[in-house]
Amino acid sequence: MPELPEVETLRQHLDGVARGFRVQKILVNKPRIVRPESVTAFKRLLGGQTIHHIDRRGKFLMVHLNGGSPFKPLIIHLGMSGRLFFRDRSDAFQDIPHLAVALEGDDRVLCYVDVRGFGRWTFDVSSLERMGPEPLDPDTFHPEYLQQICRDRSVKIKDLLMHQERVAGLGNIYVNEVLFLSRLHPMRPAGTIPKPGLVVLCQAIRKTLTEAVRLGTSSDLDFEGTGRGDGFFYFGRSGQADREVKERFRVYGREGQPCPACDTPILRMMISQRGTYYCPTCQTL
DNA sequence: CGTCATGTTAAGGA
DNA sequence: TTCCTTAACATGAC
C-alpha cells in the first residue's frame, strides 16, 4: 500500500486518533516484523508507553512516545502490504487474518495486518539516518539537489528516484507517473539529463505527490483494506475499488491503453524486476 | 504449473 | 571506497 502519499494520509488520520493511546499489552504474531529485535526486547521497549504524536519520514511512520524509558520513537514501515487501524477492544481482533502486531489499550486495539510480512516495527534509526531529503520540502529538495545526485551517474533515472537514500518516499507507482509528466524515458541514464529536464522533473515530483496526498486526505479511505471504502489503500488487480484507484494514474497499470497526451499505446517493461509503464512517443531516450 | 504485486537490503562485482 | 546490479524475503491473486 505504501508510498509517500499513502503513508502521509495514514499519518494524518492516525495522528488525530492515536494521541494519548497507552500501550497496555502487546501481541506479536509475526516475530519477523520486529526484526532484528527479539519479541521480548521489543515488548520491553514499547510496553506501558503512551503515543504522543506521529510523524513521517519518507515511507516511515515515526510514533513518538513518552512515559517510558527510551525516548526513541517507534518506527513503522508498512512494507508492501502493511495496514494499520484501530479496532474496538470488544471486537475479535485476534482472529483478523495476517494480524502481525496488536497494541492493546484501554478500550481500543491498534492492529497491524501484513500479509506478506515485509513491514517492520523497530527502534533502530539506521535506515532513517541515510535517507534522502523529503521531496515536498523546497529547502532541501530542488533542481540543484537533483543535479547533484544525477551528475556522473549512469544509473537509470527510474532506479535513482526510487532509491530512498537519494529521494525519500517515491515508489514504483508514483515514479512511473513522475517520469511520464517529466517526459523522461525510465531507462535514461541519470547523468545525461540536462538542467532544464531536472527542473521539470522536480516540478513533476512535487505535483504528483502533492496531488496524491490531496486526493488521499479528501477521500473516504479504506484503511483496513476491507474494500468498504473507496479503495485508495487497496491496490489489487480487480474489483470496483481498484479500478477507481487506477483511473487516477496516467500510465501505471495502463499497458495497451492510450497515452493521455498522444494516444500512443502505453508500453510495459521490466526495470530492476519492477513493472514499468511509459509512453514510447512522449518518453524517448 | 508460471507470472506478478505499493519495498528493502545483503551480497557481490567492477 | 563508491557505484551499480541482482537475488531474496513471504503470501496471495490470477
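Numbers restart at 1 for each chain; the letters A, B, ... are given by sequence-line order, proteins then strands.
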Which nucleotide in the set B:dG7, C:dC3, C:dG12 lies at the smallest distance from any side-chain heavy atom of A:His98? C:dG12

Under a 4.0 Å N-O cut-off, is there an ion pair linking A:Glu211 with A:Arg248? no

Would you kindly give the CG-to-P distance between A:Leu160 and C:dC4, to the nearest whole Å? 8 Å

Distance check, P atoms only: C:dG12 and B:dT8, in whole angstrom units. 22 Å

Value in whole Å for how far the C1' atom of B:dG7 lies from CD of A:Glu165: 14 Å

Quick one: do the A:Asp114 and A:Ser81 side chains pair a donor with an acceptor below 3.5 Å? yes

Side-chain H-bond candidate by donor/acceptor type, A:Gln148 with A:Glu144, under 3.5 Å: no

How long is the straight-line distance from OH of A:Tyr174 back to CG of A:Leu179, given to the nearest 0.5 Å? 15.0 Å

Rounded to whole Å, the OH-C1' distance (A:Tyr252 to B:dA5) equals 7 Å

How many Å lie between CZ on A:Arg268 and C1' on B:dA5, as a whole number? 10 Å

How many angstroms lie between CD in A:Gln147 and CG in A:Leu201, if you round to the nearest 0.5 Å? 12.0 Å

Given the rule that a pair is Watson-Crick or G-U wobble with both distances under 3.5 Å, how would you write DNA chain C in dot-bracket, using | for pairs to a different strand? .||||||||.||||

Examine the side chains of A:Thr192 and A:Arg188 and answer whether a donor and an acceptor come within less than 3.5 Å of each other. yes

Parallel, tilted or perpendicular: which one describes the rings of A:Tyr252 and A:Tyr277, with boundaries at 30° and 60°? perpendicular

Out of B:dG7, C:dC3, C:dT5, which nucleotide sits closest to the side chain of A:Glu3? B:dG7

Could you check how far CG of A:Asp159 sits from C1' of B:dG7, rounded to whole Å? 13 Å

Under 3.5 Å, which protein N or O atoms sit close to an N or O of nucleotides 6-10 of chain C? Give each pair with its distance.
unit_1, atom_1, unit_2, atom_2, d
C:dA7, N7, A:Gln273, OE1, 2.9
C:dA10, O4', A:Arg116, O, 3.2
C:dA10, N1, A:Arg116, NE, 3.2
C:dA10, N1, A:Arg116, NH2, 2.3
C:dA10, N3, A:Arg116, NE, 3.3

Pairs under 3.5 Å (N/O, protein and nucleotides 8-12 of chain B):
unit_1, atom_1, unit_2, atom_2, d
B:dT8, OP1, A:His77, NE2, 2.9
B:dT8, OP2, A:Lys59, NZ, 3.0

Do A:Asn66 and A:Gln49 get their side chains close enough for a donor-acceptor pair, meaning under 3.5 Å? no

